[in-house]
Protein chains: 2
Amino acid sequence: MSETAKRPRTRIQARNRQAILDAGLDCFSEAGFRGTTLDRIARGAGLSKPNVLYYFPSKDAIYEALLERLLKTWLDPLAELDPGGDPRGELLAYVARKLEMSRLFPRESRLFANEILAGAPRIGPILSGELRALVDEKAAVIRGWANAGRIAPVDPHHLIFSIWALTQHYADFDVQVRAVLGGADPFPAAEGFLAAMFDRALAPETAAGAPGALHAAGRPGGPPGDAGAGRSR
Amino acid sequence: MSETAKRPRTRIQARNRQAILDAGLDCFSEAGFRGTTLDRIARGAGLSKPNVLYYFPSKDAIYEALLERLLKTWLDPLAELDPGGDPRGELLAYVARKLEMSRLFPRESRLFANEILAGAPRIGPILSGELRALVDEKAAVIRGWANAGRIAPVDPHHLIFSIWALTQHYADFDVQVRAVLGGADPFPAAEGFLAAMFDRALAPETAAGAPGALHAAGRPGGPPGDAGAGRSR
DNA sequence: CGTGCCTTTGACCGCCCGGTCAAATCGGAA
DNA sequence: TTCCGATTTGACCGGGCGGTCAAAGGCACG
């Protein structure tokens, strides 16, 4: 298979394909698949509609190319959760990674949200396949940590859901968050808030006699911006 | 103002207007405004397209009727937060109310999510007006609780965001949640998880000299801010 | 048995949708 | 300069879009 049809052969192909995907991401993430038109994508990419169809065979193809590219990077942060690491440090680092993704790739997050809201017509099988397997695997790790008393005894699946919900909220509901905050950038404060929130939620039950080494004490090489509890904007 | 043009004069009007709003909620919450067609709403309501336009002047009118009706009930749970009540009890009850809304009105939640994802073209002013005012008011209450040491010193705005994010997630991402859980109903477990999560996150800092007596101290016997706040199911 | 109003609908309008196609244009290697 | 493939586009297609309209049905009153 020597560089078959797919990958860009020329500079101009690379540039235009990228422009189309970029404009498509803008549109799909805002209006969903059905609410997006080829004309809008074409205008956003600075191309004519037939020219867009020259690079992608259909609107579906653009959408699926975006989804495929998205899924690869979307599962990575969870996959990086290290069963051998420090439990709270690993989980807080995962929170930090996910929040960073919301900050850097809000359109991707909204694209994903739109797909789910629409009933996941295209990625449904992946959710109950790859994603479920990955989550179950990591949930087992977390349950092990909880059973060993290294973190609080929380439901691992719902803990993961809570991390997704809290971090993606800052991307998906960005407009609302900024409206309520009066336009301020929510991310700096969010980082501290989430670190403090999960740090408290995960602090292990200190059974009788356990040391007073409570959550706020110096943690190992934790994620950036830890212990920034209670920050206000 | 004696029953002017708006409200249903006849039984048949009440029934059909309701059927249209119901079908519209189905469509808009799934595909957003742009992705929804009048034909689909009409089919869902069991009416012909012109008949739908007999009850509502336009597609916009249906959408805005739904948004208006939604906003009334959407802000209520937060407005009910009682500054005079027990801090943790009040906040946990708010969490429970919001989760209950996700369980009972998932379509409304998804409609709202779609509107925000699209950039809040219609409710933007309300977000930075009424909603912001309400949130600021309640944030001040929460800040007062924190300053008085009655709850942990958390950023009040982000605390409210976290409640929205965590509760609405179970409605907006229902498909994903159920796919990962293998189809099980997530709400029973979510209720307990969120109660525990916020109970821990809000537990006040124990004063300096009591390292061992941290937040989770009296848990087994039932803490003052009881976990089952609000609803049993 | 009208009669008048509420309700319903088939036909239609102009426009935009996703997509096709043949022809025109471009641009680099020989 | 010539040439050939890569690129671009105007014109077009069938169908679906939001919305209109006149006319037809239904239905509770006198």
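Chain identifiers are assigned alphabetically (A, B, ...) following the order of the sequence lines, protein sequences preceding nucleic acid strands; residue numbering begins at 1 within each chain. These numbers come from the heavy atoms of this one structure, side chains and all, not from hydrogens, waters or symmetry mates.
- The main-chain N or O of A:S29 is found under 3.5 Å from a side-chain atom of A:N114 such that the two form a donor-acceptor pair.
- Here the side chains of B:E115 and B:F28 are not in contact, with every heavy-atom distance at 4.5 Å or above.
- Atom-to-atom, CG of A:D60 to P of C:dC17 comes out at 16 Å; the value is rounded to the nearest Å.
- Residue A:L53 contributes atom CG, which lies 19 Å from atom P of D:dC12 at whole-angstrom precision.
- Judged by distance alone, the side chains of A:H157 and A:D136 do bring a donor and an acceptor atom under 3.5 Å apart.
- Across the helix from C:dC1-D:dG30 to C:dA30-D:dT1, the helix axis at one end is tilted relative to the axis at the other end by 0° (nearest 10 degrees, each axis from five pairs).
- Within the 4.5 Å cutoff, no side-chain heavy atoms of A:R43 are placed close to those of A:K49.
- To the nearest angstrom, P of D:dG16 lies 14 Å from CZ of A:R34.
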Under 4.0 Å protein heavy-atom contact, by nucleotide of nucleotides 7-14 of chain C - B base, S sugar-phosphate only: BBBBB---
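- The salt bridge (Lys or Arg N to Asp or Glu O under 4.0 Å) test with B:R107 is passed by exactly one of B:D174, B:D26, B:D172: B:D26.
- Computed from coordinates, the A:K59 NZ to D:dG16 P distance equals 14 Å when rounded to whole Å.
- In this structure, B:R97 contributes its side chain and B:P77 its backbone to a donor-acceptor pair below 3.5 Å.
- Summarising the geometry, the separation between CG on A:D39 and P on C:dG18 is reported as 7 Å, rounded to the nearest angstrom.
- What separates CZ of B:R43 from P of D:dG16 is a distance of 10 Å, to the nearest Å.
- Per the geometry, CD1 belonging to A:I62 stands 10 Å off P belonging to C:dG18, to the nearest Å.
- Residues B:Y55 and B:Q18 have side chains not in contact (no heavy-atom distance under 4.5 Å, counting atoms from C-beta outward).
- Inter-residue side-chain proximity for A:L127 and B:R178 is flagged as unmet; no heavy-atom pair is nearer than 4.5 Å.
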